[in-house]
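What follows is a set of notes on a single structure, which appears directly below.
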Amino acid sequence: MSDYIFLLVATIFVNNFVLVKFLGLCPFMGVSSKVDTALGMSAATTFVLTLASGTSFIVNEFILEPLKIEYLRTISFILVIAVVVQFTEMVIHKTSPLLYQLLGIFLPLITTNCAVLGVALLNIQEAHSFVESLLYGFGAAIGFSLALVLFAGIRERLETSDIPVAFQGSSIALITAGLMSMAFMGFSGLV
Amino acid sequence: MSIVLALFVVCIIALIFGGILGWAAIRYKVEGDPLVDKINQVLPQTQCGQCGYPGCKPYAEAIANGDEINKCPPGGDDGVRTLADLLGRDYKPLDASHGEEGPKTVAYIREDECIGCTKCIQACPVDAILGAPKLMHTVIVDECTGCDLCVEPCPVDCIDMLPLKTATDNWVWPSPQEIIPVKMISD
């Protein structure tokens, strides 16, 4: 049990996907201008990442490895992720209009989020079991959400602050992201 | 050999996933098009059928599928303009073959002449006529949309279309007599 908790803490803080591994930077910069949208994106990503890491584990374990075609991992994982995202979108659209309104626009965006593919591939690299894969995906998503929401909060404050002309817009955002990343580096050695 | 296997496996995986998505598209199909609802909100909801469709919702669906936007006389010129804005199409004057834009009217049944045949009740698309067989009918003014559909079936012609009296709850600012001409000046 404590292994699982360690795994979660390690993925959320120590190996934070955005700030330490530098995966999923596109939504990190793109949908972080408001806390509300950041929360929506976080929820959608958590959902998809957990599901996608589980399904890609199954595909790898039961299709690719027995047939000795592990080199097809990347392409088949992309396929799996696209299908999972699309399927989730359809089901949510039908079953819960409220949730669809919250996550709707973000779901297709996640298909191209490299963090999702990154989690699936890293799961294989680190030889995780099924439960570990799910936890790894979930932890990565929580880490992503944490970074995204914190960053969105900072950016909302930056909107109203007096920034030198040369640093306005995305340059100050990138500097902020760099500082946050350095702060998260401080977690290394925690687990 | 292995390249054939790889191709085969990817094709099979893609086929299975495609099948799942295809099934999901049918199983979790969502009824209703948001565009239809928006168009339906613009239409005046008289349910008069002058456009050739059995009500405003069917006409809204037809517009969303590419029908002309100038078939709704009760909506008037303003209605066509709003639709043109909403859909990004060009404005067209009302199609005269579907009737002309008139003042808002409301049906009135001359009650001493009514024989209680219920034919107008069946014709009313919005259930605005109250009555029973062999008993006098009357119009619920607040519900009547002024669509004229009850006038035709009445065997004793006791239904009049009266212009709607202006009261505080239905008075609106008169629309400007002319559309302000806008000159496009190129830069």
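Quantities reported herein were computed from a predicted structural model and do not represent experimental measurements. Per chain, numbering begins at 1; letters A, B, ... match sequence-line order.
Around OH of B:Tyr91, the count of heavy atoms belonging to other residues, nucleotides or ligands within 6.0 Å exceeds 12. The number of heavy-atom neighbours closer than 6.0 Å to CD of A:Glu126, taken from other residues, nucleotides and ligands shown, is above 12. The environment of CZ in A:Phe138 is sparse: at most 12 heavy-atom neighbours from other residues, nucleotides or ligands sit within 6.0 Å. More than 12 heavy atoms of other residues, nucleotides or ligands lie within 6.0 Å of CG in B:Leu5, so this atom counts as buried by the packing criterion.
Annotation: the span from A:Ile69 atom CD1 to B:Ile3 atom CD1 amounts to 12.0 Å, rounded to 0.5 Å. Taking CD1 of B:Ile12 as the start and CG of A:Leu67 as the end, the distance is 11.0 Å to the nearest 0.5 Å. Taking CE of A:Met90 as the reference point, atom CG of B:Leu21 lies at 5.0 Å (rounded to 0.5 Å). With values rounded to the nearest 0.5 angstrom, B:Ile16 atom CD1 is found 10.5 Å from A:Leu79 atom CG.
The aromatic rings of B:Trp23 and A:Phe87 sit parallel, their planes meeting at an angle under 30°, below the 60° perpendicular limit.
Note on A:Val84, A:Val80, A:Val59: by heavy-atom pairs under 4.5 Å with chain B, the leading option is A:Val80.
In terms of hydrophobic clustering, with Ile, Leu, Val, Met, Phe, Trp and Tyr side chains grouped at heavy-atom distances under 4.5 Å, A:Val18 and A:Val116 are assigned to a common cluster. Transitive grouping of hydrophobic side chains (ILVMFWY, heavy atoms separated by less than 4.5 Å) brings A:Phe13 and A:Tyr136 into a common cluster.
Of all heavy-atom pairs spanning B:Ser2 and A:Tyr71, the tightest one is O-OH, 3.7 Å.
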